[in-house]
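Structure record follows, encoded as structure tokens.
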Amino acid sequence: MNIIVCIKRVPDSESRIVVGGDGRSIDSQGIKFVLNPYDEYAVEEALRLKEAAGAGSVTVMTLGGEESKETLRTALAMGADQAVLLKGQPSDDGFGTAEKLAAAIKVGEYDLVLFGKQAIDDDNLQVPAMVAELLGLPCATVVVELKVEANKVTAEREVEGGHETVEFELPGVIAAQKDLNQPRYPSLKGIMAAKKKPLEEVDVGDAEARLEVIELMKLPERAAGEVVGEGPDAVPELVRKLREEAKVL
Amino acid sequence: MNVLAFAEQRAGTLRQVALETVTAGRALADGLGIELLAVLLGPPRLADEAERLGRYGADRVLLGTADTLGEYAPEAYTELLARAVQEHAAKALILPASAQGKDLAPRVAARLEAGLASDVTELAVEDGRVVAVRPVYGGKLLARVGFKMDPALLTVRARAYTAAENPRPGEVEGMTPEVDPEKLRTRVRLAAAEKRERPDVAEAEIIVAGGRGMQGPENWKLLEELADALGPGAALGASRAVVDAGWRPHAEQVGQTGKVVAPPLYFAIGISGAIQHLAGMRTARCIVAVNKDAEAPILKVADYGIVGDLFEVVPRLAEEIRKLRSEG
Ligand SMILES: Cc1cc2nc3c(=O)[nH]c(=O)nc-3n(C[C@H](O)[C@H](O)[C@H](O)COP(=O)(O)OP(=O)(O)OC[C@H]3O[C@@H](n4cnc5c(N)ncnc54)[C@H](O)[C@@H]3O)c2cc1C
Ligand SMILES: Nc1ncnc2c1ncn2[C@@H]1O[C@H](COP(=O)(O)O)[C@@H](O)[C@H]1O
């Protein structure tokens with residue numbers, strides 16, 4: 001089983017995010033960058049599938065700058081076999097990035113291409129299905145359960161009020177949702193080994209976006225609310241206000 | 001030139017998000033001064049549903065039906081939508097930011113080599129260009145984005161637009177549902193549909209969310225009673241503390257690592273209002289908080305708060321709302 005996992009370097013979800021001086025990007029000073037949490041599920045799933053198959057390799061790939069090597073090393077430390085850095089800047093929309101990734105993913109070199117469902121910086125939820133489309137591969141997104149038997153894939157994806165079962169034959173694309181598995185932590189041994197694993201670097205140039213960020217904005221402040229009262233005796237007044245002032249009942 | 005709006009159906013019935021998508025499409029088409037075409041794909045016998053779309057502002061409705069389109073068929077839907085965009089030289093295509101819309105939109109965008117703005121909460125036209133506002137960084141910031149080229153593809157967040165009647169002719173035209181069977185590689189089945197009593201938290205009109213202050217899963221019957229009193233549009237939500245404790249399923253989690261929601265009315269019951277929770281619900285139109293701690297951060301963002309013990313306040317609230325409803 002040969003698997004490619006596309007991963008991205010993103011700000012840690014606990015970081016405070018502040019708009020930068022240009023008004024269009026964030027101020028990255030003081031931010032800790034990590035492997036996108038949804039991509040951790042993808043890497044973990046790839047490792048498990050390879051382990052279950054007893055053969056094959058896991059390649060992690062990212063489109064990003066020099067600093068993304070650290071992200072690739074994290075995935076190598078988890079157990080991936082090799083890494084590819086596509087050197088160039090990702091685009092704000094999904095298509096530019098998907099184009100670069102799809103161009104680098106060679107037919108025949110993989111059975112499965114795995115993604116996180118969403119990058120927690122742009123929150124696009126676009127790249128996996130776009131890469132699938134560009135490569136002409138079947139695809140399931142937001143996957144919470146995955147079964148691969150011989151070359152038959154059965155994926156459960158989250159939909160409103162339940163699940164959808166998606167079936168296709170390999171090769172194909174899967175985008176991981178939380179709950180797919182419990183990602184392992186890189187062991188000390190893994191971290192040491194990662195330093196010696198192959199990391200290929202290819203200049204691919206910056207991805208070309210079809211849309212532009214005109215402005216990044218803080219969320220509008222909510223006007224300070226009102227404490228209607230204390231305890232259950234305040235309820236009738238609350239209900240009156242909801243009906244007459246807010247007109248939501 | 002046109003704006004196209006994808007009207008999502010499930011089991012032959014339009015979903016609420018379909019009406020919202022058409023409403024959003026109407027606003028965009030008006031801004032651009034062009035026609036709005038709704039696109040409805042699904043199983044045979046959808047004509048009545050297609051006609052309903054005119055009421056929400058579709059100038060025309062493109063209807064593609066086939067047995068094979070009954071369940072979500074990603075490749076076929078992609079092909080048919082991409083074809084519709086090309087044949088009608090659409091300036092924009094709007095889909096709901098639903099599970100289906102979020103899966104479908106990037107495929108169509110890739111097919112058309114188009115830009116896609118996901119999970120849009122506001123739409124505008126500036127100098128003839130489509131401009132959208134969307135939350136990024138887990139709801140910590142908003143991005144205003146503009147398209148550099150046509151068509152502009154957008155998915156619109158549930159409840160960002162309220163479905164509004166705005167009758168137009170909505171004449172229904174058939175579209176050829178055939179697609180090359182070679183391209184159909186994926187089979188999708190809606191898993192034995194759970195019996196759903198309440199809407200999904202991402203699409204609900206009202207959310208009754210509980211936090212650690214609820215003290216245990218057994219006390220959720222209080223929130224269910226409140227949701228029942230509020231009516232069929234009310235869903236249950238939860239803070240992460242509650243989901244991590246296993247009291248409620250992850251599907252109900254609201255916040256940065258759960259769902260980002262924008263309902264007209266949000267009840268935060270026994271929720272402190274941590275920044276990560278606020279990221280998921282602060283664009284709700286009206287927030288009500290019940291908390292025993294007068295200093296809880298949630299009371300700073302809530303439109304209305306009651307300081308008190310939720311075990312006393314919530315039953316009374318359900319009772320008063322039931323009373324109000326029965327008075328009509
Ligand atoms: C990376 C990251 C991501 C996160 N993502 C999310 C997310 O998506 N969603 C989310 O919700 N959280 C998220 N969190 C967690 C968040 O920081 C808070 O820990 C969590 O929201 C707290 O949940 P809570 O308000 O239910 O519990 P608590 O903070 O413990 O608050 C309980 C509240 O109940 C009140 N209370 C107690 N008893 C009563 C009573 N009898 N009557 C009335 N009030 C009472 C208390 O006064 C208190 O305000 C995230 C955290 C991190 C680090
Ligand atoms: N620059 C990138 N390099 C490699 N993979 C990426 C990149 N951007 C996004 N992805 C992958 O696509 C998924 C969805 O990203 P997005 O569409 O940006 O939300 C991520 O979880 C990654 O698996």
Side-chain angles (χ1 to χ4, degrees), chain A residues 11 13 17 19 92-95 98 120-126 129-130 133-134 138 141-142 156 158-169 178-179 209-219 222 224-232 234-236 238-239 241-243 246 248-249, chain B residues 72 78 98-99 102-103 106-107 109-111 113-119 131 135-138 140-149 185-191 193-194 196 200 202-203 250 256-257 264-265 282 286 299-308 312-313 316-317 320-321 324:
Chain A
S13 60
I17 305 284
V19 181
D92 288 319
D93 64 347
F95 188 73
I120 64 161
D121 50 1
D122 56 41
D123 286 332
N124 272 336
L125 215 151
Q126 296 183 7
M130 285 178 168
E133 186 62 34
L134 291 172
T141 57
V142 199
E156 297 286 323
E158 225 175 58
V159 301
E160 298 83 5
H163 284 178
E164 231 169 38
T165 308
V166 183
E167 294 172 336
F168 57 75
E169 275 167 23
K178 185 181 185 260
D179 284 352
R210 261 98 178 132
L211 44 79
E212 60 180 334
V213 175
I214 302 168
E215 188 188 1
L216 268 191
M217 304 171 284
K218 287 201 301 198
L219 299 176
R222 284 190 79 95
E226 155 190 19
V227 170
V228 179
E230 287 186 17
V235 167
L238 170 68
V239 170
K241 282 176 180 290
L242 288 176
R243 188 161 71 150
V248 287
L249 283 184
Chain B
Y72 173 46
T78 301
S98 57
K102 288 195 275 196
D103 189 78
R107 296 174 191 254
R111 183 69 66 89
E113 307 202 346
L116 168 61
S118 302
D119 226 2
V131 170
V136 290
Y137 295 94
K140 288 178 189 166
L141 297 178
L142 294 174
R144 208 155 66 86
V145 299
F147 286 83
K148 292 196 205 165
M149 55 182 88
R185 314 259 296 279
T186 315
R187 286 168 304 281
V188 179
R189 281 176 285 125
L190 192 58
E194 314 169 27
R196 277 177 57 202
D200 193 82
E203 296 180 349
H250 180 247
Q256 191 190 312
T257 45
L265 179 57
R282 58 176 294 158
C286 178
L299 290 168
K300 306 252 174 350
V301 300
D303 299 273
Y304 303 106
I306 290 186
V307 176
E312 293 171 10
V313 174
R316 182 74 191 275
L317 190 53
E320 290 293 327
I321 288 170
L324 182 78

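Atom set for the values below is all heavy atoms of this structure, side chains included, hydrogens, waters and symmetry mates excluded. Here is the naming used below: chain letters follow the sequence lines, and residue numbers restart at 1 for every chain.
Donor-acceptor pairing under 3.5 Å is lacking for the side chains of B:T78 and A:E133.
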Under the criterion side-chain contact (heavy atoms from CB on, under 4.5 Å), I'd like the reasoning laid out for B:R107 against A:M130: C-alpha separation, chi angles, the key distance, then a yes or no. CA-CA 5 Å; B:R107 296 174 191 254; A:M130 285 178 168; over 6 Å; no
Decide yes or no on salt bridge (charged side-chain N to carboxylate O under 4.0 Å, His left out) for B:D303 and A:K241, but give the supporting numbers first. CA-CA 10 Å; B:D303 299 273; A:K241 282 176 180 290; over 6 Å; no
Go through the steps to decide whether B:R187 and A:E167 satisfy the test salt bridge (charged side-chain N to carboxylate O under 4.0 Å, His left out), and finish with yes or no. CA-CA 5 Å; B:R187 286 168 304 281; A:E167 294 172 336; 3.4 Å; yes
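Annotation: maximal heavy-atom pairing with chain A below 4.5 Å, among B:Q256, B:R111, B:K300, occurs at B:R111. Of the listed residues (A:L216, A:T165, A:V248, A:I17), the one with the most heavy-atom contacts under 4.5 Å to chain B is A:T165. Taking chain B as the reference chain and counting heavy-atom pairs below 4.5 Å, the highest number among A:G94, A:P232, A:P138 is found for A:P232. In terms of non-hydrogen atom pairs under 4.5 Å with chain A, the most contact-rich of B:G115, B:A143, B:G308, B:G146 is B:G146. Chosen from A:E230, A:Q126, A:E169, A:E158, the residue pairing most often with chain B at heavy-atom distances under 4.5 Å is A:Q126. If you tally non-hydrogen atom pairs under 4.5 Å between each of B:T257, B:L265, B:L299 and chain A, the highest count goes to B:L265. Comparing B:V301, B:V313, B:V307, B:T186 by heavy-atom pairs within less than 4.5 Å of chain A, the highest count is held by B:V307.
A heavy-atom distance below 4.5 Å is found between the side chains of B:L324 and A:L249. Side-chain contact between B:R282 and A:L219 is present, with at least one heavy-atom pair separated by less than 4.5 Å. In this structure, the side chains of B:H250 and A:K178 come closer than 4.5 Å at one or more pairs of heavy atoms. Contact of the B:P135 side chain with the A:D123 side chain is not registered, since no non-hydrogen atoms from C-beta on lie closer than 4.5 Å. Residues A:D121 and B:V136 form no side-chain contact, since every pair of their non-hydrogen atoms from C-beta on lies 4.5 Å or further apart. A heavy-atom distance below 4.5 Å is not found between the side chains of B:K148 and A:R210. Side-chain contact between A:V239 and B:L317: present, with at least one pair of heavy atoms (C-beta onward) separated by less than 4.5 Å. The shortest side-chain heavy-atom distance between A:I214 and B:V131 falls under the 4.5 Å cut-off.
A distance of 13.5 Å separates NE2 of A:H163 from CZ of B:R189, quoted to the nearest 0.5 Å. Here the straight-line distance linking atom CG of B:L116 with atom CG of A:N124 works out to 7.0 Å at 0.5 Å rounding. Atom CD of residue A:E215 and atom CG of residue B:L141 lie 11.0 Å apart, to the nearest 0.5 angstrom. In this structure, OH in B:Y304 is found 8.5 Å from CG in A:L238, a value given to the nearest 0.5 Å. Rounded to the nearest 0.5 angstrom, A:E160 CD and B:L190 CG are separated by 10.0 Å.
Looking at B:L142, both its backbone and its side chain come within 4.5 Å of chain A, counting heavy atoms on both sides. Within the 4.5 angstrom heavy-atom criterion, no atom of B:D119 approaches chain A. Heavy atoms closer than 4.5 Å to chain B are found in both the backbone and the side chain of A:A234. Using a 4.5 Å cut-off between heavy atoms, A:D179 touches chain B through its side chain atoms alone. Residue B:A202 does not touch chain A at all, counting heavy-atom pairs closer than 4.5 Å. In this structure, chain A has heavy atoms under 4.5 Å from both the backbone and the side chain of B:E312. Both the backbone and the side chain of A:L125 come within contact range of chain B, each with at least one heavy atom under 4.5 Å from a heavy atom of that chain. Within the 4.5 angstrom heavy-atom criterion, atoms from both the backbone and the side chain of B:A117 approach chain A.
Here B:Y72 pairs with B:Y77 under the ring pair (Phe, Tyr, Trp, His ring centres under 6.0 Å) rule; sequence neighbours left out. For A:S13, there are no side chain to side chain donor-acceptor pair (under 3.5 Å) partners, not counting sequence neighbours.
Closest of all the heavy-atom pairs between B:I306 and A:G231 is CG2-O, 3.7 Å. Across every non-hydrogen atom of A:P11 and B:Y137, the tightest pair is CG-CE2, 3.8 Å.
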